[in-house]
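Computed from a predicted model, the values in this text were never measured in an experiment.
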Amino acid sequence: NMYKNEPHMDRCLIFAKEAHSFSFEGTGTIDGNGHGKNFRAQRPMLMRFLNCRHVHLTDLNIINPAAWTSAWLYCDDITVTGIRIHSRVNGNGDGLDFDGCTGVKVNNCSFDTSDDSICLQTSHTEKPCSDITISNCIFVSRWAGIRIGLLSRGNICSVTVTNCIFKNIGDSGLKIQMNEGAELKNMVFTNLIMENVPRPVFMTFCQQRACVDAPEEPAPMKYMGNFIFQNIIVDNSKGDKHSGFVLTGLPDKRIENITIRDVYMTVAGGGTQEDADRSAIPELDIKTLRGWWPEYGLFAGALPAYGLYARHIKGLKTDNFNVRAVNADKRPVRKLDDVQEAD
């Protein structure tokens, strides 16, 4: 684990370093027994792999970690298929965390996690996270289904997510966040069903020191862009007014080239005229973050749109984007703030 302020996760049950061509297979169960009565402040991970390659994880039940289920650091050629992760008995129960990994294939898996189900991130400037495919999976999570970024010292690129279902997500279905000075680009998300997911897509481009080894001074912002979201159905009719696609860069650094097409979304509605008239919405800059991650709650209230809120974007195309509010909502379906080249 390369996050700052989490040294308790340096320990783990299963560990491999510089190992090649190995697998965990079968229909059995790995049980971390990570309940709070056993692990409180000192919560180890369940599995960690460092500088490994040609790794297969197949058909297992992996349950009850005390913290993250697995961390993969600087690994290559990973196949995870047919596994079931249930991590609800303690905090920070991430499912699969890939840090600086390449050639990752995750398919036919199910997740029920107390934190992000899958994370793609980079803690080393020379270790990109790239060539990632995620398909045919089901996500249930207290936080995000898939989180891309946060730790982002190296490039994160060439990612596809397809044919997946997201249900009962506490924060966001797809959370895509560039913070630490690399490039985050070239990603396609298609054929997704989301039920009870307040923010199907939450994207932020800002500056924040997330990695324990990051320099004290924020890294310069480079590039975040080239994203396609297509064929997405969202039913958040039982949610609240804090719903919709949320995309935000900064005034001097925009997210570029986003396409959203063929979306059918149902939201609860309920936005007031006061919500619709909001203009002084906090920027997710260093002053607002104050050491926190760039989370939706920092906007300090409902956003002035119930379908799509886009701010500081260059190149935004939406096509066949349909939103229906169950209850009356005084806000517009979409709000574009400092968006260049919108179609």
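Checked for salt-bridge contact, K175 and D116 miss the test: no charged N lies under 4.0 Å from a carboxylate O. No salt bridge links E256 with K185; every basic N to acidic carboxylate O contact stays at or beyond 4.0 Å. A salt bridge links D275 to K241: one of the charged nitrogens lies within less than 4.0 Å of a carboxylate oxygen.
Under the 3.5 Å distance criterion, the side-chain polar atoms of R254 are left unmatched by any main-chain donor or acceptor of G315. With N90 contributing its side chain and G34 its backbone, the two residues share a donor-acceptor pair below 3.5 Å. For the pair K253 (side chain) and C206 (backbone), a donor-acceptor distance under 3.5 Å is absent. A donor-acceptor pair under 3.5 Å is formed between the side chain of N327 and the backbone N or O of A268. Although no hydrogens or angles enter the test, the distance criterion places a donor-acceptor pair under 3.5 Å between the side chain of D329 and the main chain of R331. Using a distance-only test at 3.5 Å, with no hydrogens or angles considered, no donor-acceptor pair links the side chain of R153 to the main chain of P128. Side-chain N or O atoms of S87 include none that pairs as donor or acceptor with a backbone N or O of P65 at under 3.5 Å. Checked by atom type and distance alone, the side chain of H35 never pairs as donor or acceptor with a backbone atom of K37 at under 3.5 Å. Counting only distance, with no hydrogens or angles, the side chain of T58 and the backbone of E25 share no donor-acceptor pair below 3.5 Å. At least one donor-acceptor pair closer than 3.5 Å links the side chain of R278 to the backbone N or O of G301.
Looking at heavy atoms from C-beta onward, Q208 lies in side-chain contact with W293 at the 4.5 angstrom threshold. A 4.5 Å side-chain heavy-atom check between V263 and F229 finds every atom pair outside the cut-off. Side-chain contact check for F98 versus I78: some heavy-atom pair is nearer than 4.5 Å. Between N179 and P294, the closest side-chain pair of non-hydrogen atoms falls below 4.5 Å. Residues T29 and L60 are not in side-chain contact: their nearest non-hydrogen atoms beyond the backbone lie 4.5 Å or more apart.
With hydrogens and angles left out, the side-chain atoms of Y74 and S123 include a donor and acceptor closer than 3.5 Å. N320 and R261 form no side-chain donor-acceptor contact under 3.5 Å, judged by distance and modelled atom types alone. For the residue pair T113 and D115, no side-chain donor N or O sits within less than 3.5 Å of a side-chain acceptor on the partner. Between T288 and E283, the side chains place no donor N or O within less than 3.5 Å of an acceptor N or O (distance only, hydrogens not considered).
Tested against W72 for a side chain to side chain contact (heavy atoms under 4.5 Å, CB included), the candidates L96, D97, V104 yield a single pass: L96. For the side chain to side chain contact (heavy atoms under 4.5 Å, CB included) with N196, the lone residue among N236, V234, I169, D235 that qualifies is N236. Each of N107, N191, N231, L192 was evaluated against T162; a single residue qualifies, N191, per the side chain to side chain contact (heavy atoms under 4.5 Å, CB included) test. Of the candidates E217, E180, E216, R209 forms a salt bridge (charged side-chain N to carboxylate O under 4.0 Å, His left out) with just one, namely E216. Shown are T79, D76, D77; of these, the side-chain hydrogen bond (donor to acceptor under 3.5 Å, both in side chains) with H54 is made only by D77.
The cluster map of Ile, Leu, Val, Met, Phe, Trp and Tyr, joined by side-chain heavy atoms under 4.5 Å apart, puts L184 and L250 in the same cluster. There is no path of hydrophobic side-chain contacts, each under 4.5 Å, that joins F139 to I165. Linking ILVMFWY residues whenever their side-chain heavy atoms come closer than 4.5 Å, directly or via other members, leaves L303 and V339 in distinct clusters. Linking Ile, Leu, Val, Met, Phe, Trp and Tyr residues whenever their side-chain heavy atoms come within less than 4.5 Å leaves F205 and Y309 in two separate clusters. Residues V106 and M47 share a single hydrophobic cluster, defined by chaining ILVMFWY side chains whose heavy atoms lie under 4.5 Å apart.
Counted within 6.0 Å of CD on E274, heavy atoms from surrounding residues, nucleotides or ligands total 12 or fewer; the atom is thus considered open. More than 12 heavy atoms of other residues, nucleotides or ligands lie within 6.0 Å of NZ in K105, so this atom counts as buried by the packing criterion. The number of heavy atoms from other shown groups lying within 6.0 Å of CZ (R311) is above 12.
For Y296, the ring pair (Phe, Tyr, Trp, His ring centres under 6.0 Å) partners at least two apart in sequence or on another chain are H242, F299. Every residue two or more places apart in sequence or in another chain was checked for a ring pair (Phe, Tyr, Trp, His ring centres under 6.0 Å) with F202, and none qualifies. Evaluation of the ring pair (Phe, Tyr, Trp, His ring centres under 6.0 Å) rule for H312 yields no partner, not counting sequence neighbours.
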